[in-house]
Amino acid sequence: MKDEANVREEEAVIAMLMMRARALGEKNAEEALSYEAEDSVEFSLAPPLVINGKDEAGLQAWFDTWEGPIGGEVRDAKLTVGEGVAFWSGLTRMTGTKTDGTEVDLWFRQTLGLVKQDGRWLVAHQHASVPFAMDGSGRALLDLQP
């Protein structure tokens, strides 16, 4: 059974992640990045292989490729909270329309490592990926669904 303090910390992490998700959906780069640690590390779906620290210009440039809000959904989320650190993983869906008219409906795997700094939970590490075909083609499998 979880103690009351642990339940409060889990609730705080979930609340932060919901506010961050809202900011991402609304394409508000400044607010979205306010939920990240200054020295965060990101392994995202898009190049480069790694982003160290906050990249507001890069995030805003990506937001600018979308027409309207970016939709989302999460399934199979798991959260583990410890003393000053937390770990979240789940399947994330991204939906919306790109400025070139392309409709996006993509499920991907996401993992977040969080730290508590100055009383606030922040994303310190994030990793997103899609599976690839193991037939030698190396083709990303973008049509998988949970």
Side-chain angles (χ1 to χ4, degrees), residues 2 6-117 120-146:
K2 296 178 184 176
N6 192 266
V7 170
R8 280 194 308 270
E9 292 299 340
E10 286 181 5
E11 290 172 350
V13 169
I14 291 167
M16 182 278 288
L17 292 174
M18 295 297 291
M19 292 183 291
R20 179 178 176 267
R22 188 194 75 242
L24 290 166
E26 293 174 354
K27 302 185 303 188
N28 184 333
E30 182 180 2
E31 182 181 350
L33 293 174
S34 74
Y35 302 107
E36 289 188 18
E38 291 297 325
D39 60 350
S40 65
V41 176
E42 179 179 358
F43 303 100
S44 72
L45 295 172
L49 286 174
V50 63
I51 297 170
N52 290 297
K54 298 179 182 186
D55 180 13
E56 187 172 343
L59 183 56
Q60 188 60 56
W62 181 71
F63 284 160
D64 291 344
T65 67
W66 291 82
E67 189 69 44
I70 301 168
E73 175 183 349
V74 171
R75 289 202 189 155
D76 302 330
K78 295 187 183 352
L79 174 63
T80 302
V81 178
E83 191 169 323
V85 295
F87 179 82
W88 181 97
S89 64
L91 299 174
T92 302
R93 184 180 190 190
M94 178 173 42
T95 59
T97 305
K98 302 295 275 186
T99 55
D100 67 2
T102 302
E103 294 291 327
V104 174
D105 189 348
L106 172 69
W107 282 96
F108 60 96
R109 305 171 292 198
Q110 188 170 36
T111 303
L112 303 173
L114 301 103
V115 294
K116 191 169 186 182
Q117 294 178 347
R120 292 183 64 216
W121 284 101
L122 301 170
V123 175
H125 174 98
Q126 50 189 314
H127 182 265
S129 66
V130 295
F132 68 92
M134 301 301 286
D135 60 5
S137 69
R139 179 179 58 89
L141 300 175
L142 304 178
D143 57 350
L144 297 178
Q145 298 181 18

State which residues pass side-chain contact (heavy atoms from CB on, under 4.5 Å) with Glu31; sequence neighbours excluded, sorted by chain then number.
Arg22, Ala23, Asn28, Ser34, Tyr35
If the condition is side-chain contact (heavy atoms from CB on, under 4.5 Å), which residues does Glu10 pass it with, not counting sequence neighbours?
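Checked Glu10 against side-chain contact (heavy atoms from CB on, under 4.5 Å); matches are Lys2, Asn6, Leu79, Val81.
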With a 4.5 Å limit on heavy-atom distance, are the side chains of [X] and [Y] in contact?
X     : Y     : value
Trp62 : Lys27 : no
Val50 : Val41 : yes
Val74 : Arg93 : no
Thr99 : Asp64 : no

In sequence, state the C-alpha distance, the side-chain angles, and the governing distance for Lys78 and Phe87, and then conclude on side chain to side chain contact (heavy atoms under 4.5 Å, CB included).
CA-CA 8 Å; Lys78 295 187 183 352; Phe87 179 82; over 6 Å; no
Atom [atom1] of [X] and atom [atom2] of [Y]: how far apart are they, to the nearest 0.5 Å?
X      : Y      : atom1 : atom2 : answer
Trp66  : Asp100 : CH2   : CG    : 10.0 Å
Ser89  : Leu112 : OG    : CG    : 9.0 Å
Leu91  : Gln110 : CG    : CD    : 10.0 Å
Leu33  : Glu38  : CG    : CD    : 9.5 Å
Ser40  : Lys54  : OG    : NZ    : 7.5 Å
Arg109 : His127 : CZ    : NE2   : 8.0 Å

Just by distance, with hydrogens left out, do Glu36 and Gln126 show a side-chain donor and acceptor under 3.5 Å apart?
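There is such a pair between these side chains.
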Taking atom types as modelled, is there a side-chain donor on Glu9 or Trp121 under 3.5 Å from an acceptor on the other?
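Trp121 and Glu9 do have a side-chain donor-acceptor pair below 3.5 Å.
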What pair of heavy atoms forms the shortest contact from [X] to [Y], and how long is it?
X      : Y      : answer
Ala124 : Ala37  : CA-CB, 4.2 Å
Ala29  : Gln60  : CB-OE1, 3.5 Å
Ser129 : Phe108 : O-CB, 3.4 Å
Ala32  : Leu59  : CB-CD2, 4.2 Å
Val13  : Ala86  : CG2-CB, 4.3 Å
Trp107 : Val130 : O-CG1, 4.0 Å

Which is it for Asp105 and Gln145 under the side chain to side chain contact (heavy atoms under 4.5 Å, CB included) test, yes or no, and what are the steps along the way?
CA-CA 10 Å; Asp105 189 348; Gln145 298 181 18; 5.7 Å; no
Member of Thr95, Asp143, Thr92, Leu45 meeting the side chain to side chain contact (heavy atoms under 4.5 Å, CB included) criterion with Leu106
Leu45
Taking atom CD as the centre, does Glu73 end up with more than 12 heavy-atom neighbours from other residues, nucleotides or ligands that are less than 6.0 angstrom away?
yes
Residues Thr97, Glu103; criterion side chain to side chain donor-acceptor pair (under 3.5 Å); working and verdict
CA-CA 5 Å; Thr97 305; Glu103 294 291 327; 2.9 Å; yes
Main-chain N/O of Val85 paired to Lys116 side chain as donor or acceptor, under 3.5 Å:
no
With side chain to side chain contact (heavy atoms under 4.5 Å, CB included) as the test, would you mind laying out the steps for Phe132 and Arg139 before giving the verdict?
CA-CA 5 Å; Phe132 68 92; Arg139 179 179 58 89; over 6 Å; no
